[in-house]
There are 2 protein chains.
Amino acid sequence: MGHTVKAVAQLAGVTIRTLHHYDAIGLVRPGERTESGYRVYGRRDLERLQQVLFFKELGFGLAEIKEILERPDFDRRQALLDHRELLTHRKDRIERLIKAVEQTLESMEEGTMLEESVWFDGFDHSRYEEEARQRWGHTDAYRESRERTAAYTEADWSGVAAEQTGILKEIAALADRRPDDPDVLQTIGRMHSLISERFYACSVEMFRGIGELAVTDSRFTATYEKLRPGLAAFYASAVRAYCDRSQT
Amino acid sequence: MGHTVKAVAQLAGVTIRTLHHYDAIGLVRPGERTESGYRVYGRRDLERLQQVLFFKELGFGLAEIKEILERPDFDRRQALLDHRELLTHRKDRIERLIKAVEQTLESMEEGTMLEESVWFDGFDHSRYEEEARQRWGHTDAYRESRERTAAYTEADWSGVAAEQTGILKEIAALADRRPDDPDVLQTIGRMHSLISERFYACSVEMFRGIGELAVTDSRFTATYEKLRPGLAAFYASAVRAYCDRSQT
DNA sequence: CTGGACCCTCACGCAACGTAAGAGTGTAGC
DNA sequence: GCTACACTCTTACGTTGCGTGAGGGTCCAG
């Protein structure tokens, strides 16, 4: 009927110690115990273990995973859909690693000098981890964002995008000022409001995290740098200054 | 010229703390230090960091990586070739994870009962980690094996394969005996000798590890079970018994 | 000079188990 | 019934690779 720890461990590719640990922290508990104390896992337990291993694969800590799985509105199907997408991105990352290796090898064959940034392409976890966390870590915000935008038309999206780009351009025009210049802060505040109004209730701390992405996530960095060299760092500083003042 | 920690951290997708740590343990040291103590990393340092991150990506511990990189015969090009291959296998694994998700989703749509082993396909790290370790952990054995087999002809390979299969079939025929039956042990000993003679000097401990693979690695398990149901476990037990006695 | 970004060292703490010890359980074979 | 082996349990110390914070120095533009 059910499985004991050795069978489950082999089935799932984890150790018996891991199963003990997960039981101890209440993450994955066996449905039954024999009279002699043996753990017996049933189908539902294995389903849950699968979910745990997926989230773990995506970089979540065990306490985080436990919290997520215990939300009243946790939806297994939706989780699997998200996992699939995130795993696809993970696969993209491996492909980029492979490409980096190949490019390194080629440059060695040809005796050419490869730009150093190519060497490390694929090692930056942050974009994927942040993506996963956006999906599940800030789930309230993500859900609210999806609810609000569900009915957006193409025109709505264009309007929001235009507004965002407009604000960014204004910030770019102010980039020769100090990050805490009143006009800069006021413009940053408009970006904060835009997110809160159009996407989700964005706390100061969340906004601060978004600001940091400008310099830690190469996609964001590239976006800002296109508008004006140095804008990524300036934007990050300005958001930081704005958030510092919003807490006094 | 060189880079300080912030630039390197961003370039490589690691933290400054990580760079401090790697310096502290002598894994990746900056080529220079300014008068004020700032670390300055040069190109060679970044090359080494790349190597470290690749090995780390493949599951090696930092001490292991250090040891590997410090071998007199460490060959960067060969390492990159190996990394590419192992990364390809890693990619295969992600694809299997994706497939498992998709199959789980399909069975949910159709209300069918999916076999539980499908749920966890892709989560078994051991085959990939063992493969990496075979490449680098037991490098002496791997290298010796490659040297010996480099000149093997198709006929040689057929001969070795036939010999292996022959021994396995004999073991299968003895599988209704106890794992420590004298005939069983003697036949297992012939397998051990075959590996040592045809591939590499295989210590008892290494052979013990190979025996365990029969039950922990699904490729091996499948091979043995094809010959006879239950053979994988029997083989593992027999190898274990053989190794236990070979140490007295 | 000031402020902000960057840098340093030191050091405590933590997550997720790995490993081992000591002891009980289940079952097939003698 | 006994024995041996595979499996199980709980307890608990230890490990690896940093994260975080404290306290203080350096660099450079305004």
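Chain naming here is simple, since letters A, B, ... match the order of the sequence lines and numbering starts at 1 in each. Predicted model, so just to flag it, every value in this text is computed and none were measured.
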Between A:Ile65 (CD1) and C:dA15 (P), how many Å, whole number? 13 Å

Before accepting this row, confirm whether a basic side-chain N of the pair B:Arg33/B:Asp23 lies closer than 4.0 Å to the acidic partner's carboxylate O. yes

Selected nucleotide, minimal atom distance to B:Lys6 side chain, candidates C:dC7, D:dC18, C:dA16: C:dC7

I want to check one thing: is the phosphate of D:dC18, taken as OP1 and OP2, less than 4.0 Å away from some side-chain N or O of B:His20? no

5'-most contact on DNA chain C (nearest-nucleotide basis), A:Tyr22 vs A:Thr34, goes to A:Tyr22

From CG of B:Leu62 over to C1' of D:dT15, roughly how many Å is that when rounded to an integer? 12 Å

N/O donor-acceptor pair, side chain A:Arg17 with base C:dT19, under 3.5 angstrom: yes

For a quick test of reading the model: is some side-chain N or O of A:Thr4 closer than 4.0 Å to OP1 or OP2 of D:dC7? no

Rounded to whole Å, how long is the line connecting atom CD of B:Glu32 with atom C1' of C:dC8? 17 Å

Salt bridge check: are A:Glu70 and A:Arg48 linked by an N-O gap of less than 4.0 Å? yes

Between D:dA12 (P) and A:His21 (NE2): distance, integer Å: 17 Å

Write down the distance between OH (B:Tyr235) and C1' (D:dA6), rounded to a whole number of angstrom. 20 Å

Is a donor-acceptor contact shorter than 3.5 angstrom present between the side chain of B:Tyr38 and the base of D:dG25? yes

Would B:Tyr235 and B:Met191 satisfy side chain to side chain contact (heavy atoms under 4.5 Å, CB included), going step by step from the backbone distance to the final call? CA-CA 11 Å; B:Tyr235 184 76; B:Met191 181 64 86; 3.4 Å; yes

Note, B:Tyr22 side chain near B:Leu62 side chain (heavy atom, < 4.5 Å): yes

Which whole-number value in Å describes the distance from B:Phe234 CZ to D:dA6 C1'? 15 Å

Which sits closer to the 5' end of DNA chain D, B:Ser237 or A:Arg39, going by the nucleotide each is nearest to? B:Ser237

Mind calculating the distance between CD1 (B:Ile16) and C1' (D:dT20) to the nearest angstrom? 13 Å

Report yes if a side-chain nitrogen or oxygen of B:Thr15 is closer than 4.0 Å to either non-bridging phosphate oxygen (OP1 or OP2) of D:dG19; otherwise report no. yes

Could you label the plane-to-plane angle of the A:Phe54 and A:His83 rings as parallel, tilted or perpendicular, counting under 30° as parallel and over 60° as perpendicular? parallel

Closest nucleotide among D:dC18, C:dG26, D:dC27 to the B:Ser36 side chain: D:dC27

If you check every side-chain atom of B:Lys56, which of C:dC17, D:dC18, C:dG4 has the closest atom? D:dC18

Would you indicate what A:Arg33 reaches in the nucleic acid, counting non-hydrogen atoms under 4.0 angstrom: base, sugar-phosphate, or nothing? sugar-phosphate

Using whole Å, report how far NE2 of B:His3 lies from P of C:dC6. 16 Å

